[in-house]
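Working notes, beginning with the structure itself.
The first residue of the sequence shown is numbered 1, and numbering continues consecutively from there. Just so you know, these numbers use all the heavy atoms, side chains as well, and skip hydrogens, waters and symmetry mates.
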Amino acid sequence: MRLVFPSIPVLTSLLLLLGIVAVSHATAQGAALPPPDLREYEARVAPLLKSHCVGCHNAEKAEGGIDLSRLGPPAEAARRRGVWRRAAARVAAGEMPPRGAKGLSRRDRTRMVRWMQSAAEHLDPNDPTARDPGPSVLRRLTRTEYDRTVRDLFGISFDSGREVGLPGSEGATRFDNQAAALTLSPALLDKYLAAAEKVTEHVFDDPRARKRLLVPEPEAGVPEREAARRILVPLLRRAYRRPATPTEVDRFLKVYDTATHGAQGGGDLETGMRAVLKPVLISPHFLYRIEQDRPGAGPQRVSDHELAVRLSYFLWSAPPDDALAALADAGRLSDPEVLEAQVRRMLAHPQARALTDGFGIQWLQLDELSRARPSTEFFPSFTRRLRQAMYDETATFFDRLRTEDRSVLELLDADYTYANAELAAHYGIEGITGRDLQRVTLRPEHRRGGLLGMGSVLALTSHTHRTSPTLRGKYILDVIFGTPPPPPPPDAGLLKEEKGKEPRSFREQLALHASNASCVGCHRKLDPLGFALENYDAVGAWRETSPERPLDTTGELPTGEKLRGAADLKQVLLKRKGEFVRNLAGQLLSYALGRELEDQDEHTLRRLTADLERDGYRFSTLVVGITRSPQFLYRRGKP
């Protein structure tokens, strides 16, 4: 038997990659690592960056979103953990510097990656960023949050946001609740004014909503203005998600006075409250989740009322309920045991389905399924009902992780799914009847289990008449691992045939396309992942052969791992479960905070990942860990 060893560059890349994984695992368990050598950076690493990297990663180009020209002095540069983590993986795999650029010697590549690793993974427990809650953001209610807040406030089911055309998903960020996307333009303010008008009309046209608003009715001998005050105090308490100040109450009473006794003539209690309601609904304290800045250096604890709002909109996309508000009023919510009990109560509540609808659907890109490209012209079975069943399968699967507190690793592999008769038939699963989803136990011959066996994911990563290995590979890198490839170059174009030759297979056509120097780097990562899923057609049905072209499900990753189909790919994902869990923790933390994560969030991300591994990867462990984090409990102080 002859032993075959990988080439030196491949072996080096594998060893470096294994080093990164090993170091990440060690730090997740809390092991101390030596700090990065600042003299090594200044003497050797910085010159290598300048000569090999800054040409593309500078203030003007910043390819991949990385600018290496403004790292600052060594001590400051060493704290850019996010930059070094991304750079180390790409340099280790030989992707950087790209082909055609000035290459690194093996010795320089090893030196650079080792220093990047140490900078990315070392955490000093005395580092002040360990408790830094990060930047404070001002968050406007999303359309979903706005509608649920109106419904909670008045008990009406009227969708005011849809009625006046409030924007839904802002599209500028992965999640629609990110503060960076929630700006307020003059045109949008006009829509909120129109929405306030519509809501006011519905409240006073609905007897139950009117009665809910005007309780308590004026008592005998109680002046109407005093009755208005008694109505305003709880109304503002619910609308502002905190007790209103006497000054705020008096300001709205002046509006009431103008409406009932002003130049327009007299009016009754209802007339006055109609006039008051509209400015309440366009107040910044209603439209925004406003928190008070606190003076002093270092992190400052948020108030119990602010914590209640953070918690309720995180888990329910709605304002605090009576139980949460009462604890905030009593100043008890910030007690760690009370807080955890409330988190678990709210997670078990049906309203926590909002976590699936808000976070899960957007993270998994399931909201793109309605625009999935496969056509019934080429795939007649891909009907609207089947598409809906696919959506419901994935949404239900994710939501049961919450309701049953299951392991998040089941998103990668599971021995069950949810299907109705039509979806089960599409999957080749027998014995399922009815239009309602039911839990289905999977067997090996079903070739399902986990996200990459679900029709929703397979369909939304396909083209009109065929699969797309590139889109499927991109989904894995982006959604599963949180390492999306850079956008394709403007001249990437479509698949082309080589002049004078007839490509024998779809794979050969894609290889011709990917041979472009500007494309090859990404396709080396994307295509092997996608080709491993070629046994699933464009709408997720299993196939052994293709009538148009031979199926080829083999591939080799940049790390040297060989794939021979979906089963091998699943094993690769499970080997890298630490990367998946870290990405999921980071995505949910970003969703909870309403902002992109930054370097100072690394301490919390490490702790969340370690807690998940220790606790069997249970869904509740991640949610509770986020609500205990400095980022969730504190704001940066204002010097």
Does a side-chain heavy-atom distance below 4.5 Å link R618 with R406? no
Minimum-distance pair of heavy atoms, taken over all atoms of A244 and L236: CB-CB, 3.7 Å
Roughly how far, to the nearest 0.5 Å, is the CG atom of L327 from the CG atom of D335? 9.5 Å
Do T470 and T461 touch side chain to side chain, with heavy atoms closer than 4.5 Å? no
Closest approach of L401 to S407 (non-hydrogen atoms, all atoms of both residues): CD2-O, 3.6 Å
Would you say the side-chain atoms of R402 pair up with the backbone N or O of T356, donor to acceptor, closer than 3.5 Å? no
R628 and P336, any side-chain heavy atoms less than 4.5 Å apart: no
Answer yes or no: are there more than 12 heavy-atom neighbours, outside E337 itself, under 6.0 Å from its atom CD? no
Show, in sequence, the C-alpha distance, side-chain angles and deciding distance for V581 and E613, and conclude whether the side chain to side chain contact (heavy atoms under 4.5 Å, CB included) test is met. CA-CA 9 Å; V581 169; E613 183 174 352; over 6 Å; no
Within-4.5 Å side-chain heavy-atom neighbours: L324 and D322: no
Salt bridge between D611 and R614, side-chain N to carboxylate O under 4.0 Å? yes
In terms of relative ring orientation, are F175 and Y591 parallel, tilted or perpendicular, with 30° and 60° separating the classes? perpendicular
Closest heavy-atom pair and its distance - V54, N58: O-ND2, 3.0 Å
Do E340 and R345 touch side chain to side chain, with heavy atoms closer than 4.5 Å? no
The salt bridge (Lys or Arg N to Asp or Glu O under 4.0 Å) partner of E602 among R582, R81, R79, R607 is R582
Salt bridge (Lys or Arg N to Asp or Glu O under 4.0 Å) test vs E306 passes for just one of R289, R301, R294, namely R294
Let me see the working for L451 and I480 under side chain to side chain contact (heavy atoms under 4.5 Å, CB included), right down to the final yes or no. CA-CA 9 Å; L451 289 171; I480 303 296; 3.9 Å; yes
Does a donor on one side chain and an acceptor on the other come within less than 3.5 Å for D329 and H305? yes
So does Y634 get a backbone contact from the side chain of Q300, meaning a donor-acceptor N/O pair under 3.5 Å? no
Given the rule in the side chain to side chain contact (heavy atoms under 4.5 Å, CB included) test, do E76 and L71 qualify, once you have shown the distances and angles that lead to the verdict? CA-CA 7 Å; E76 183 178 333; L71 294 173; over 6 Å; no
Between Q587 and N583, is there a side-chain donor-acceptor contact under 3.5 Å, judged purely by atom types and distance? yes
May I ask you to say whether E410 pairs ionically with R400, meaning some side-chain N is under 4.0 Å from a carboxylate O? no
Tell me which donor-acceptor pairs under 3.5 Å the side chains of residues 184-200 have, and how far apart each pair is, sequence neighbours excluded?
unit_1	atom_1	unit_2	atom_2	d
S185	OG	L188	N	3.1
Y192	OH	R140	NH1	2.9
T200	OG1	A196	O	2.8

Without swapping roles, check the side chain of Q178 against the backbone of S590 for a donor-acceptor pair under 3.5 Å. yes
Quick check: closest heavy atoms across P319 and R241, and the distance to 0.1 Å? CB-CG, 3.9 Å
For the pair R636 and D132, evaluate salt bridge (Lys or Arg N to Asp or Glu O under 4.0 Å) and give the outcome as yes or no after the intermediate values. CA-CA 7 Å; R636 274 181 181 167; D132 182 2; 3.0 Å; yes
Which is it for F154 and D206 under the side chain to side chain contact (heavy atoms under 4.5 Å, CB included) test, yes or no, and what are the steps along the way? CA-CA 10 Å; F154 302 112; D206 185 326; over 6 Å; no
Quick one: do R595 and D601 make a salt bridge, cutoff under 4.0 Å? yes
Of all the heavy-atom pairs spanning S69 and A59, show the shortest one and how long it is. OG-N, 3.5 Å
Would you check if the side chain of R387 reaches a backbone N or O of L369 as a donor-acceptor pair within less than 3.5 Å? yes
Carboxylate-amine/guanidinium contact R151 D147, below 4.0 Å: no
Should R635 and D293 count as an ion pair when the cut-off is N to O under 4.0 Å? yes
Minimum side-chain heavy-atom gap W316-R353 below 4.5 Å: no
Do T604 and Q631 pair up side chain to side chain, a donor and an acceptor below 3.5 Å, judged on atom types alone? yes
Looking only at side-chain N and O atoms, does Y240 offer a donor or acceptor that is under 3.5 Å from a partner on S283? yes
Compute the centroid of each ring, for F481 and then for F580, and state whether the two points are separated by less than 6.0 Å. no
Please report the C-alpha distance between R371 and E368 in whole Å, then the side-chain angles of each, then the deciding distance to 0.1 Å, and finally whether the salt bridge (Lys or Arg N to Asp or Glu O under 4.0 Å) criterion is met. CA-CA 5 Å; R371 298 182 289 275; E368 298 291 325; 3.0 Å; yes
Return the minimal non-hydrogen interatomic distance between S620 and R344, and the atom names on each side. OG-NH1, 3.3 Å
Could you tell me whether the side chain of D304 and the main chain of L333 form a donor-acceptor pair under 3.5 Å? yes
For T394 and S456, does a side-chain donor sit closer than 3.5 Å to a side-chain acceptor? yes
Is T396 reaching over with its side chain to a backbone N or O of E393, donor-acceptor style, under 3.5 angstrom? no
Heavy-atom distance under 4.5 Å between the side chains of F286 and L153, does that happen here? yes
Check: R80 and W84 side chains under 4.5 Å, non-hydrogen atoms: yes
